[in-house]
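Below is one structure; the comments refer to it alone.
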Amino acid sequence: MTTHTHAETNPWSKRTAVSSWEGIGMLTWKAFLKLVANPAMFGFALILPIFLYMMFGAGQEYSKEWAVNANVGATVLVSMTLYGVMIAGASAATVVALERTSGTSRLFALTPVSSGAFIFSRLVAAISMSAVVIAVTYGVGYATGARMTPAAWIQSALIVLAAAMMSATLGLALGFLLRSDTSFAVINGVVVLGAFLAGMFIPIDSMGSFFKTIAPGSPFYGIFYLSQLPLYGFDSFKWTWVISAAAWFIPFVVLAVWAQHRDTDR
């Protein structure tokens with residue numbers, strides 16, 4: 001008489017554990033396509049920055065005046081591109097909002113995909129979208145007279161691209177915390193206000209005393225001045241800009257992970 005152990009007869013006993021990062025490539029690609037296909041996000045992240053650059057940076061009398069490593073038109077271009085990248089990165093919130101509406105975010109809790117993998121896929125998608133924004137706006141800028149040294153073009157683009165990580169984590173956190181019909185409006189308001197306080201649109205020296213005082217504590221203050229370093233020279237570098245950026249980025253990451261756990265646990 002032949003006997004079989006439970007392990008031999010149970011087909012589930014031979015299953016191997018699935019990695020929590022399984023399918024991360026497809027997840028990231030789908031998230032990127034949702035960002036690109038969102039007309040409101042694309043308009044705010046790409047069309048508006050180009051419009052603002054064309055209004056204030058291209059074709060002006062001061063546009064061709066040369067700073068250290070770039071002309072004035074290029075400094076405006078980098079500022080407006082940074083604004084567009086912050087919008088593009090934060091638009092990861094819209095993807096989360098759509099998934100919450102459809103119930104997809106609840107389904108992720110039933111899969112092996114970890115919170116870290118989920119957050120990572122959204123960050124990569126947001127950074128990829130930001131790379132598209134940088135390529136297009138820089139191309140328009142060069143075609144309309146913005147000039148930088150070769151090193152400044154590359155260095156400023158990389159710093160601006162890194163800024164997408166900060167806004168993407170903020171967008172993810174708000175996307176999980178807020179209702180789907182309000183997350184995009186709130187994140188745009190936060191980015192616009194933060195951009196003004198950082199000096200992307202108006203130099204801080206031109207602001208009133210109250211705003212001059214609170215500007216260094218705003219979320220995008222440090223990353224804005226870091227993005228300007230390749231244009232004005234690294235001799236003006238200050239560690240306080242790095243500390244400011246890190247002091248906001250780390251809490252954004254923690255909040256995004258916590259909010260994702262909170263959303264799927266309910």
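In this chain, numbering begins with 1 at the start of the sequence shown.
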Compile the donor-acceptor pairs under 3.5 Å between side chains in residues 192-200 and protein atoms, sequence neighbours left out, one pair per line.
none

Sequence neighbours excluded, every pair satisfying side chain to side chain donor-acceptor pair (under 3.5 Å) that has a member inside [range]:
| range | answer |
| --- | --- |
| residues 195-221 | none |
| residues 136-160 | Tyr53-Thr144, Thr81-Thr137, Tyr138-Ser156 |
| residues 227-249 | Ser79-Gln228 |
| residues 194-204 | none |

What distance do [X] atom [atom1] and [Y] atom [atom2] have between them, rounded to the nearest 0.5 Å?
| X | Y | atom1 | atom2 | result |
| --- | --- | --- | --- | --- |
| Leu170 | Ile187 | CG | CD1 | 4.0 Å |
| Tyr83 | Phe224 | OH | CZ | 14.0 Å |
| Asn188 | Ile87 | CG | CD1 | 4.0 Å |
| Leu82 | Leu77 | CG | CG | 11.0 Å |
| Ile159 | Leu229 | CD1 | CG | 6.0 Å |
| Met129 | Leu33 | CE | CG | 11.0 Å |

In chain order, what residues pass the side chain to side chain contact (heavy atoms under 4.5 Å, CB included) check against [X], with sequence neighbours excluded?
| X | result |
| --- | --- |
| Ser167 | Met86, Ala90 |
| Lys30 | Met26 |
| Ser128 | Phe32, Val124 |
| Val68 | none |

Next item on the list: Supply the members, apart from Leu158, of the Ile/Leu/Val/Met/Phe/Trp/Tyr cluster built from side-chain contacts under 4.5 Å; use none for a lone residue.
Entry: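 Besides Leu158, the cluster holds Ile154.
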
Notebook entry, point to check: Any donor-acceptor pair under 3.5 Å linking the side chain of Ser63 with the backbone of Gly57?
Noted result: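 Yes, because the side chain of Ser63 sits within donor-acceptor range (under 3.5 Å) of the backbone of Gly57.
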
Note to self: Test your reading of the model: is there a side-chain donor-acceptor pair from Asn71 to the backbone of Gly145, 3.5 Å cut-off?
What the structure shows: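 Confirmed, Asn71 side chain pairs with Gly145 backbone.
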
Is [Y] close to [X] at the side-chain level, that is, under 4.5 Å between some pair of heavy atoms?
| X | Y | answer |
| --- | --- | --- |
| Gln60 | Val72 | no |
| Phe237 | Leu226 | yes |
| Val133 | Pro49 | no |

Could you see if [X] belongs to whatever hydrophobic cluster contains [Y]? Use Ile, Leu, Val, Met, Phe, Trp, Tyr and a side-chain cutoff under 4.5 Å.
| X | Y | answer |
| --- | --- | --- |
| Val36 | Ile127 | yes |
| Val191 | Ile202 | yes |
| Val242 | Met166 | yes |
| Met55 | Met80 | yes |

Check: Which residues pass the ring pair (Phe, Tyr, Trp, His ring centres under 6.0 Å) test with Phe220, sequence neighbours left out?
Finding: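 So Phe220 forms no ring pair (Phe, Tyr, Trp, His ring centres under 6.0 Å) with any residue.
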
If I compare all heavy atoms of [X] with all of [Y], which pair ends up nearest, and what's the gap?
| X | Y | result |
| --- | --- | --- |
| Ser130 | Ala164 | OG-CB, 3.2 Å |
| Ala152 | Pro230 | CB-O, 3.6 Å |
| Ala88 | Ala126 | O-CB, 4.4 Å |

Next item on the list: Apply side-chain contact (heavy atoms from CB on, under 4.5 Å) to the pair Leu161 and Val85, showing each step before the final yes or no.
Entry: CA-CA 7 Å; Leu161 187 62; Val85 162; 5.9 Å; no

Checklist line | Tyr62, OH: over 12 other non-hydrogen atoms inside 6.0 angstrom | finding: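 Yes.
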
Notebook entry, point to check: Given the rule in the side-chain contact (heavy atoms from CB on, under 4.5 Å) test, do Ile50 and Val136 qualify, once you have shown the distances and angles that lead to the verdict?
Noted result: CA-CA 9 Å; Ile50 291 176; Val136 174; 4.1 Å; yes

